[in-house]
Amino acid sequence: MKEFTVVLYAGGNNRVIPDSSLPKSLLPIANRPLIWYTLEIIQSHPSLASSPLLILTSGQYRQVLDSYLSTLNITYELVTYRQHHESTSGGEDQQQAPDELGTLDVLRSCYSRIRTESICLITCDLFGKVNLTPLVNMFR
């Protein structure tokens with residue numbers, strides 16, 4: 001049995017170029033999308049490289065993210081989550097901004113797909129030389 005399920009949170013909105021159809025995870029950094037660097041970090045760690053990989057994204061970015069990920073030599077499952085809480089207000093005349101979901105709310109969308117005792121939740125913003133060993137060992 002695998003030790004971890006890697007949950008990669010890659011659904012953030014692109015606030016650098018707000019009108020872009022690209023999620024933040026696909027913004028280019030040195031000619032590679034940001035998610036590429038995070039996936040390289042995951043693949044370089046012995047305990048995580050062969051772990052199930054769930055990639056969380058919002059519905060608006062699912063297709064473009066899946067198109068990119070399908071070009072890579074990785075096995076993953078793309079999980080779509082809602083971005084906002086369901087409206088609980090009674091009237092249509094109330095102009096209230098919807099509350100964005102928090103990390104735990106988003107994790108609920110993939111809970112049934114986790115088949116291991118432990119998860120390793122990683123944000124897509126990981127960049128550079130990152131050694132995950134101390135973090136992974138904390139949970140052993």
Side-chain angles (χ1 to χ4, degrees):
M1 181 175 177
K2 304 289 184 191
E3 185 177 11
F4 291 97
T5 296
V6 177
V7 178
L8 179 57
Y9 188 61
N13 290 326
N14 178 350
R15 291 188 179 108
V16 176
I17 311 169
D19 295 333
S20 174
S21 61
L22 289 178
K24 180 171 55 172
S25 60
L26 291 180
L27 287 177
I29 307 287
N31 296 324
R32 301 254 190 213
L34 183 58
I35 194 171
W36 182 87
Y37 297 97
T38 307
L39 291 169
E40 285 294 306
I41 292 167
I42 293 167
Q43 294 300 312
S44 70
H45 194 281
S47 293
L48 303 179
S50 62
S51 295
L53 175 62
L54 300 177
I55 300 176
L56 302 178
T57 190
S58 63
Q60 77 184 89
Y61 297 130
R62 181 182 176 89
Q63 186 174 9
V64 68
L65 189 57
D66 197 30
S67 292
Y68 171 72
L69 293 170
S70 66
T71 66
L72 304 177
N73 188 23
I74 62 170
T75 301
Y76 65 93
E77 183 178 350
L78 206 54
V79 179
T80 305
Y81 64 86
R82 292 179 295 115
Q83 287 185 288
H84 303 284
H85 288 284
E86 298 294 323
S87 175
T88 57
S89 62
E92 292 181 25
D93 58 336
Q94 294 179 359
Q95 296 290 328
Q96 186 176 12
D99 291 333
E100 287 195 15
L101 295 177
T103 302
L104 292 178
D105 295 315
V106 171
L107 281 174
R108 282 189 194 103
S109 63
C110 72
Y111 180 76
S112 64
R113 293 173 173 91
I114 296 171
R115 305 280 186 249
T116 58
E117 188 174 311
S118 301
I119 66 168
C120 182
L121 175 63
I122 299 176
T123 179
C124 196
D125 295 2
L126 234 62
F127 182 77
K129 294 185 179 194
V130 178
N131 181 2
L132 294 176
T133 301
L135 175 69
V136 169
N137 287 339
M138 275 184 7
F139 295 99
R140 288 194 164 127

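Since the structure is predicted, the reported quantities are computational estimates derived from the model, not experimental observations.
Taking a 6.0 Å sphere around CD of Gln63, one finds it holds 12 or fewer heavy atoms contributed by other residues, nucleotides or ligands.
Between Phe127 and Tyr37, the ring-plane angle classifies as perpendicular under the 30° and 60° cut-offs.
Judged by distance alone, the side chain of Ser51 and the main-chain N or O of Phe4 form a donor-acceptor pair under 3.5 Å. Thr5 contributes no side-chain N or O that, together with a main-chain N or O of Pro52, makes up a donor-acceptor pair within less than 3.5 Å. Without hydrogens or angle criteria, Thr80 side chain to Gly59 main chain gives no donor-acceptor distance under 3.5 Å.
Counting heavy atoms from C-beta outward, Tyr76 and Asp66 have side chains that approach closer than 4.5 Å. Annotation: side chain of Val130 is in contact with side chain of Leu132 (closest heavy-atom distance under 4.5 Å). Taking the side chain as every heavy atom from C-beta outward, Thr116 and Glu3 never approach each other to under 4.5 Å. Between Ile35 and Leu8 the shortest side-chain heavy-atom distance falls below 4.5 Å. Leu53 has its side chain within reach of Leu39: a pair of non-hydrogen atoms, C-beta onward, lies under 4.5 Å apart. Counting heavy atoms from C-beta on, the side chains of Thr133 and Val136 never come closer than 4.5 Å.
Note on Ile55 and Tyr111: separate hydrophobic clusters, where clusters join Ile, Leu, Val, Met, Phe, Trp and Tyr whose side-chain heavy atoms are under 4.5 Å apart, directly or indirectly.
When all heavy atoms of Ser67 and Ser70 are compared, the closest pair comes out as O-OG, 2.9 Å. Of all heavy-atom pairs spanning Gly128 and Ile41, the tightest one is O-CD1, 3.5 Å. Heavy atoms only, all atoms of each residue included: Leu65 and Ser25 are closest at CD1-OG, 3.7 Å. Heavy atoms only, all atoms of each residue included: Thr57 and Arg62 are closest at CG2-CA, 3.9 Å. Closest approach of Cys124 to Thr38, counting heavy atoms only: O-OG1, 3.0 Å.
Distance check, rounded to the nearest 0.5 Å: CG of Leu54 to CG of Leu121 gives 10.5 Å. Rounding to the nearest 0.5 Å gives a distance of 14.5 Å between NZ of Lys2 and OG of Ser118. The distance from the OH atom of Tyr9 to the NZ atom of Lys24 is 8.5 Å, given to the nearest 0.5 Å. In this structure, CD on Glu40 lies 12.5 Å from CG on Leu126, to the nearest 0.5 angstrom.
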